[in-house]
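Shown next, in structure tokens, is the structure this report addresses.
In what follows, every chain begins at residue 1, and chains take the letters A, B, ... in the order their sequences are listed. Quick note: numbers below take in every heavy atom, side chains included, and nothing from hydrogens, waters or symmetry partners.
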Number of protein chains: 2
Amino acid sequence: MAETHARTRIQKKNRIAILDAALDVFSQFGFRGSTLDQIAKAAGLSKPNLLYYFPSKEAIHVELLSCLMDTWLDPLRDLDPTGDPREEILAYVRRKLEMSRVMPRESRLFANEILQGAPRMMDAIKGDLKELTDEKATVIAGWMDAGEIARSNPYHLLFSIWSLTQHYADFDVQVRAVLGDEGGDPFPTAEHYLETLFSKLLTV
Amino acid sequence: MAETHARTRIQKKNRIAILDAALDVFSQFGFRGSTLDQIAKAAGLSKPNLLYYFPSKEAIHVELLSCLMDTWLDPLRDLDPTGDPREEILAYVRRKLEMSRVMPRESRLFANEILQGAPRMMDAIKGDLKELTDEKATVIAGWMDAGEIARSNPYHLLFSIWSLTQHYADFDVQVRAVLGDEGGDPFPTAEHYLETLFSKLLTV
DNA sequence: GCATAGTTTGACCATTTGGTCAGGATCACG
DNA sequence: CGTGATCCTGACCAAATGGTCAAACTATGC
């Protein structure tokens with residue numbers, strides 16, 4: 001969860017409880033669809049007590065989003081320009097899918113924010129996200145130029161990794177409904193499928 | 001837009017105006033994040049007048065969703081079991097991407113509904129959607145068995161088509177932000193990328 | 001042009017919502 | 001133990017929200 005600078009032990013505990021509860025609620029209903037009462041109830045606190053720790057509903061949302069962007073970019077940051085191109089990209093896919101599995105709420109929070117036009121994240125997207133994407137797209141383009149992986153559009157390659165991996169978090173209920181109850185956990189199958197897909201895609 | 005049984009001309013016109021406005025609002029803010037005032041203003045009507053045409057906020061949402069599911073499945077319905085396997089699937093991808101381009105609001109409405117756990121669509125998903133998906137997955141599996149396209153998991157193949165194409169509607173603002181202002185319309189490039197991707201993927 | 005069916009609205013209502021505040025409870029620490 | 005800082009709460013508020021209703025307005029067909 002989001003670590004937060006806090007003086008006392010109680011503050012630390014409650015701030016985390018609030019952010020965790022808010023993540024539950026915001027990720028499901030979006031900012032405008034969520035209420036302080038919902039968050040307070042989920043956190044096991046009273047509404048005025050919530051507002052003792054955060055000045056406003058918006059402040060909670062902003063805090064969540066700013067913590068999120070860093071976490072979100074970590075897997076891509078770890079893409080090593082000096083590593084084996086094919087293995088680097090496949091490892092990135094694996095890290096992203098693992099993220100969808102372990103942090104589906106964060107994925108949905110992000111999806112909600114983008115769906116609503118990214119009113120509170122546009123700066124981070126046009127800033128950090130774009131910057132890192134440009135950097136790594138250049139690395140990937142280099143690998144393509146060197147003939148180490150098949151040529152394609154590096155940006156759309158990254159988009160396809162984002163879309164395919166996040167789909168299993170954001171559209172989880174659809175995936176499970178289609179696969180049926182006896183389908184079991186979709187993630188192992190998804191990992192194998194994506195491994196095969198990108199493996200084939202990258203082959204020259 | 002959604003066609004709707006209506007006696008008078010005025011009724012027809014206003015119901016359509018309302019549904020169109022509601023699509024704008026719901027697709028951006030989700031059900032709970034949208035207000036009747038917003039919808040009324042967008043439709044150019046007063047709030048009581050809205051409620052003359054629809055009994056409640058929920059009724060508008062339900063109407064939109066039930067019209068949507070049919071439209072949504074059309075491209076997959078058109079997948080012809082007797083056609084050329086590779087060309088059929090590529091054509092399906094093209095139809096889905098075209099849908100994201102022409103009906104991004106509908107795509108976002110759907111995404112919002114799924115993100116919130118599909119409270120009003122679960123029946124349709126476990127019913128029509130699952131049924132059609134099962135049917136077409138069987139067709140695709142047949143093609144794989146016959147060695148006409150590369151073997152993989154037919155369900156995850158369909159998921160990947162949904163995810164990749166809908167991404168360009170649902171995450172539009174992210175895509176455009178990353179590609180930058182001089183990037184132009186992302187859709188032509190996306191079409192070419194997806195064509196290449198699936199072409200390669202399907203090759204035995 | 002008139003009666004009727006169909007359409008629109010301002011005023012209103014109960015509930016929910018984000019947020020405040022004064023005071024009480026509890027903790028940390030000398 | 002006591003005292004100051006921290007934590008918590010019930011009561012409250014103004015605004016927004018989904019929805020109602022009687023009355024006024026307008027289109028339509030005769």
- Task: For B:T165 and B:R94, test the side chains for any donor-to-acceptor distance below 3.5 angstrom and give the result as yes or no.
- Result: no

- Query: Going by modelled atom types, is there a donor-acceptor pair between the base of C:dG18 and the side chain of A:K47 at under 3.5 Å?
  - Reply: yes

Rounded to the Å, how far apart are [X] [atom1] and [N] [atom2]?
{"X": "B:H61", "N": "D:dG19", "atom1": "NE2", "atom2": "P", "result": "13 Å"}
{"X": "B:E58", "N": "D:dT17", "atom1": "CD", "atom2": "C1'", "result": "16 Å"}
{"X": "A:F29", "N": "C:dT17", "atom1": "CZ", "atom2": "C1'", "result": "16 Å"}
{"X": "A:D37", "N": "D:dT17", "atom1": "CG", "atom2": "P", "result": "16 Å"}
{"X": "B:R15", "N": "C:dT8", "atom1": "CZ", "atom2": "P", "result": "13 Å"}
{"X": "A:K41", "N": "C:dT16", "atom1": "NZ", "atom2": "C1'", "result": "15 Å"}
{"X": "A:L36", "N": "D:dT17", "atom1": "CG", "atom2": "P", "result": "15 Å"}
{"X": "B:Q38", "N": "D:dA15", "atom1": "CD", "atom2": "C1'", "result": "16 Å"}

Any side-chain N or O of [X] less than 4.0 Å from the OP1 or OP2 oxygen of [N]?
{"X": "A:Y52", "N": "D:dC7", "answer": "yes"}
{"X": "A:Q11", "N": "D:dC7", "answer": "yes"}
{"X": "B:S46", "N": "C:dT8", "answer": "no"}
{"X": "B:N14", "N": "C:dT8", "answer": "yes"}

- On the 0 to 90° scale, with breaks at 30° and 60°, tag the A:F31-A:H61 ring pair as parallel, tilted or perpendicular. tilted

- Over 60° means perpendicular and under 30° means parallel, so classify the ring planes of A:Y155 and A:F159, tilted if in between. tilted

- Taking the nucleotide of DNA chain D with the closest heavy atom to each, which residue, A:R32 or A:L45, is nearer the 5' end? A:L45

- Query: Which of these nucleotides, C:dT7, C:dA11, D:dG18, is closest to any side-chain atom of B:I10?
  - Reply: C:dT7

- Note on the structure: The nucleotide from D:dG18, C:dG18, D:dG10 with an atom nearest the side chain of A:T35 is C:dG18

- Message: Can you confirm if the NZ or CZ of A:R15 lies within 45° of the ring axis of A:Y53 and under 6.0 Å from the centre of its six-membered ring?
- Response: no

- Base, sugar-phosphate, or nothing: which does A:Y53 touch, judged by heavy atoms less than 4.0 Å apart? sugar-phosphate

- Message: Under 4.0 Å, counting only non-hydrogen atoms across every strand here, what does A:L51 touch: a base, just sugar-phosphate, or nothing?
- Response: base

- Task: Apply side chain to side chain contact (heavy atoms under 4.5 Å, CB included) to the pair A:Q174 and B:W162, showing each step before the final yes or no.
- Result: CA-CA 11 Å; A:Q174 192 191 37; B:W162 299 346; 4.0 Å; yes

